[in-house]
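Structure, as structure tokens:
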Amino acid sequence: GINAEYGQHYYITNNLRMKVVAVFSLLITLTAAVDLTHKDCGSIAGVTRVYSDDCADPVCKLKKGNTYQMNISFKPADTITGMSAKLYGVIAGIPVPFPLPVSDGCVACGNTCPISAGQEVTFSEALKVEQSYPALKLVSRWKLASTAGDNDDILCVEIPVVIVS
């Protein structure tokens, strides 16, 4: 009698404890990635999410000397066989090209080309904020352009950021 009741009580408490730990772990995982403020600037693909694990706010503060992983999930309208990845800093309305560590859009999407229409993929780049960059507010324009000859913007997303010292 007593041992059976103790065993039942122990099982329920342990089971509940595991569920509580699982829920907290899930909450921590969900809150780790911050959805970023963004605007579509002519994407053919459907943008599903723009986020970063390295930003604390929807308008990311980029500290000089740090690297920030930026992620843009999307579903292409057509099959994609090749893409080039580009980044521009739009300062006073003028787009200034910034180098990306991975210029091949297929590689930046996890070596997934060809990508079927409607298949969700994530464009992911590590942005290094150099010490030489000026401290200012700007719009970062992220693009994936088709390499199939038409050079269409498969993806074009503008993300406001602030570079801080």
* With side-chain contact (heavy atoms from CB on, under 4.5 Å) as the test, would you mind laying out the steps for Leu36 and Ser52 before giving the verdict? => CA-CA 7 Å; Leu36 301 174; Ser52 176; 4.0 Å; yes
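- Nearest heavy-atom pair, Ser146 versus Ala148, reported as atom, atom and distance to 0.1 Å: OG-N, 3.1 Å.
- Under 3.5 Å, the side chains of Ser73 and Thr122 contain a donor-acceptor pair of N or O atoms.
- Atom NE2 of His38 and atom OH of Tyr51 lie 12.5 Å apart (nearest 0.5 Å).
- Residue Leu127 is not grouped with residue Tyr88 when hydrophobic side chains (ILVMFWY) are merged at heavy-atom distances under 4.5 angstrom, including chains of intermediate members.
- Across all their heavy atoms, Cys109 and Leu144 have their closest contact at SG-CD1, 4.0 Å.
- The shortest non-hydrogen separation linking Gly65 to Gln131 is CA-NE2, 3.6 Å.
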* Asked: Are Val157 and Phe123 close enough, and set up right, to give a side-chain contact (heavy atoms from CB on, under 4.5 Å), and what steps lead you there?
  -> CA-CA 11 Å; Val157 173; Phe123 169 42; over 6 Å; no
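- Atom-to-atom distance recorded for Ile80:CD1 and Gln119:CD is 9.0 Å, nearest 0.5 angstrom.
- Taking CE of Met83 as the reference point, atom OG of Ser103 lies at 12.0 Å (rounded to 0.5 Å).
- The minimum heavy-atom distance linking Ser116 with Pro76 is given by the pair O-CG, 3.6 Å.
- By the 4.5 Å heavy-atom criterion applied to side chains, Lys128 and Pro101 are not counted as neighbours.
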* Asked: Where do Val90 and Leu138 land on the side-chain contact (heavy atoms from CB on, under 4.5 Å) test, with the steps shown first?
  -> CA-CA 6 Å; Val90 183; Leu138 73 147; over 6 Å; no
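- No side-chain heavy atom of Thr37 sits less than 4.5 Å from a side-chain heavy atom of Ile159.
- From Lys143, atom NZ reaches atom OG of Ser43 across 9.5 Å, with rounding to the nearest 0.5 Å.
- By the 4.5 Å heavy-atom criterion applied to side chains, Tyr68 and Lys63 are counted as neighbours.
- In this structure, Lys75 does not pair ionically with Glu120, as no charged nitrogen and carboxylate oxygen lie closer than 4.0 Å.
- The nearest pair of heavy atoms linking Ala126 to Thr67 is CB-CG2, 3.8 Å.
- Linking Ile, Leu, Val, Met, Phe, Trp and Tyr residues whenever their side-chain heavy atoms come within less than 4.5 Å places Leu136 and Phe98 in a single cluster.
- In this structure, the salt bridge (charged side-chain N to carboxylate O under 4.0 Å, His left out) partners of Asp35, at least two apart in sequence or on a different chain, are Arg49.
- Here the straight-line distance linking atom CG of Leu62 with atom CD1 of Ile163 works out to 6.0 Å at 0.5 Å rounding.
- Without hydrogens or angle criteria, Asp40 side chain to Gly42 main chain gives a donor-acceptor distance under 3.5 Å.
- Both Leu100 and Val129 are part of a single hydrophobic cluster, where members link through side-chain heavy atoms under 4.5 Å apart.
- The minimum heavy-atom distance linking Cys113 with Thr81 is given by the pair CB-O, 3.7 Å.
- Under a 3.5 Å cut-off, the side chain of Asp104 and the backbone N or O of Cys106 do form a donor-acceptor pair.
- The hydrophobic clustering, which links ILVMFWY residues whose side-chain heavy atoms are closer than 4.5 Å, places Leu87 and Ile91 together.
- Taking the salt bridge (charged side-chain N to carboxylate O under 4.0 Å, His left out) definition, one finds that Lys64 meets it with nothing, sequence neighbours left out.
- Pro160 places none of its side-chain heavy atoms less than 4.5 Å from the side chain of Lys137.
- Annotation: side chain of Glu158 is not in contact with side chain of Ser140 (no heavy-atom distance under 4.5 Å).
- Donor-acceptor pairing under 3.5 Å is recorded for the side chains of Ser124 and Gln69.
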* To do: Report the C-alpha separation of Thr79 and Ile115 in whole Å, then their side-chain angles, then the decisive distance to 0.1 Å, and conclude whether the side-chain contact (heavy atoms from CB on, under 4.5 Å) test is met.
  => CA-CA 5 Å; Thr79 298; Ile115 302 167; over 6 Å; no
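- Here the side chains of Val47 and Ile72 are in contact, with some heavy-atom distance below 4.5 Å.
- Considering NZ of Lys86 and CG of Asp153, their distance stands at 8.0 Å, rounded to 0.5 Å.
- Looking only at side-chain heavy atoms (C-beta outward), Val162 and Val59 come within less than 4.5 Å of each other.
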